[in-house]
Amino acid sequence: MARAAEGVASHADHTRAIAVDLLEELSSSELFGPHGDAVVRIVEAASALDEERARALESARHPAAEREYGKAWDRWLAEQPEAASYRNRDHAWTLSIPGAGFSGSPIGYGFSLIWKTVNAAARDRGGPGSLTLDEDGDRILGDPWETTLGALLDAAMAVGAPHLVDSDAVTVLTAAWGMVFEP
């Protein structure tokens with residue numbers, strides 16, 4: 001245990017562990033809201049992505065999906081009492097807005113988990129250029145992974161927070177998901 005704790009700063013908000021005992025499995029709704037099972041399916045698909053599927057999602061993403069995703073965020077923000085300063089902005093690639101609502105997003109940490117999972121898939125199974133550096137030196141997703149991320153975020157919004165999208169928006173947001181994973 002002493003070796004595991006070496007180098008951990010006294011002010012750190014975490015600890016290292018050698019073993020963990022799983023006490024109980026929580027419902028996906030605890031993490032992602034009442035439609036958590038649907039969000040879990042998208043996270044699982046993201047974890048299994050390869051270059052071929054990423055390219056398929058990229059080419060199948062509806063041109064209006066980014067706009068509809070942002071509109072769903074606007075609807076969610078309208079429901080949040082502490083979100084006034086975030087309203088009427090571009091939320092096309094938003095993952096979370098801490099402080100705007102209880103969980104920071106319509107599906108809890110679902111969007112952030114999808115981002116993390118797509119990044120891992122790009123790193124592990126993507127080709128050259130899957131991850132690149134931006135002008136600030138930060139690692140970002142390259143083609144086709146950035147658009148693939150967008151397609152999965154779109155689908156997660158539609159199935160995880162259906163009260164925020166109308167039927168036309170559902171069609172737009174799930175277009176790529178439906179073509180690649182539910183043909």
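Numbers here are sequence positions counted from 1.
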- [ ] State plainly whether one hydrophobic cluster holds both W76 and L31, where clusters connect Ile, Leu, Val, Met, Phe, Trp and Tyr through side-chain heavy atoms under 4.5 angstrom apart.
- [x] yes
- [ ] State, to 0.1 Å, how close A92 and Y69 come at their nearest heavy-atom pair, and which atoms those are.
- [x] O-CD2, 3.0 Å
TODO: State plainly whether the residues D154 and R61 are in salt-bridge range, i.e. N to O under 4.0 Å.
DONE: yes
Task: Side-chain (S27) to main-chain (S29) donor-acceptor, under 3.5 angstrom - done: yes
Task: Side-chain donor/acceptor of H91 to backbone N/O of A72, under 3.5 Å - done: no
Task: side chain to side chain contact (heavy atoms under 4.5 Å, CB included) partner of L164, the single match among K71, R75, E68 - done: R75
TODO: Sorted by first residue and then second, give each ring-ring contact (aromatic ring centres under 6.0 Å, His included) pair with at least one member in residues 149-183; sequence neighbours left out.
DONE: W177-F181
Open item on the list: Tell me if a side-chain donor or acceptor on D136 pairs with a main-chain N or O of D138 at a distance below 3.5 Å.
Closed with: no
Task: Considering all heavy atoms, the nearest L152-I42 contact - done: O-CG2, 3.8 Å
Open item on the list: Working to the nearest 0.5 angstrom, can you tell me the gap between L49 CG and T148 OG1?
Closed with: 6.5 Å
Task: W73 side, atom CH2; R87 side, atom CZ - distance, nearest 0.5 Å - done: 13.0 Å
Open item on the list: Are the side chains of R53 and V180 in contact, using a 4.5 Å heavy-atom criterion?
Closed with: yes
Open item on the list: Nearest 0.5 angstrom please: N88 CG to D90 CG, how far?
Closed with: 11.5 Å
TODO: Check for a donor-acceptor pair, side chain of S47 on one end and backbone N or O of E44 on the other, with a separation under 3.5 Å.
DONE: yes
- [ ] Indicate yes or no: at least one non-hydrogen side-chain atom of V159 is less than 4.5 angstrom from one of H35.
- [x] no
Task: Atom CD of E25: over 12 foreign heavy atoms under 6.0 Å - done: no
- [ ] Could you tell me the separation between the CG atom of D143 and the CD atom of E51, rounded to the nearest 0.5 Å?
- [x] 9.5 Å
Task: I114 side chain near V43 side chain, heavy-atom distance below 4.5 Å - done: yes
- [ ] Could you check if a side-chain atom of L153 sits within less than 4.5 angstrom of a side-chain atom of L95, using non-hydrogen atoms only?
- [x] yes
Task: Trace of the side chain to side chain contact (heavy atoms under 4.5 Å, CB included) decision for V39 with R41 - done: CA-CA 5 Å; V39 175; R41 283 192 300 278; over 6 Å; no
Open item on the list: Testing the basics here: between R125 and A46, what is the closest heavy-atom pair and its distance to 0.1 Å?
Closed with: NH2-O, 4.4 Å
- [ ] Could you tell me whether F32 and F111 have their ring centroids closer than 6.0 angstrom?
- [x] no
Task: Smallest separation among heavy atoms of R89 and D74, with atom names - done: O-OD1, 3.9 Å
Open item on the list: For a quick test of reading the model, state the closest non-hydrogen atom pair linking A100 to L77 and the distance between them.
Closed with: CB-CD2, 3.9 Å
Open item on the list: With rounding to the nearest 0.5 angstrom, report the CD1 to CD distance, I140 to E146.
Closed with: 6.5 Å
- [ ] Please confirm whether the backbone N or O of P144 pairs with a side-chain atom of T147, one donor and one acceptor, at under 3.5 Å?
- [x] no
Task: Distance, nearest 0.5 Å, that separates CG of L141 from CZ of R123 - done: 11.0 Å
TODO: Hey, could you give me each pair passing side chain to side chain donor-acceptor pair (under 3.5 Å) that has a residue in residues 98-115? Not counting sequence neighbours.
DONE: none
Task: Minimum heavy-atom distance W145-G126, with the two atoms named - done: CZ2-CA, 3.7 Å
Open item on the list: Using modelled atom types and a 3.5 Å cut-off, is there a donor and acceptor pairing between side-chain atoms of E82 and backbone atoms of G99?
Closed with: no
Open item on the list: Checking E66 against W93 for the side chain to side chain donor-acceptor pair (under 3.5 Å) test, could you report, in this order, the C-alpha distance in whole Å, the side-chain angles of both residues, the deciding distance, and whether it holds?
Closed with: CA-CA 8 Å; E66 195 170 298; W93 287 93; 3.3 Å; yes
Task: M179 with L173, same ILVMFWY side-chain cluster at under 4.5 Å - done: no
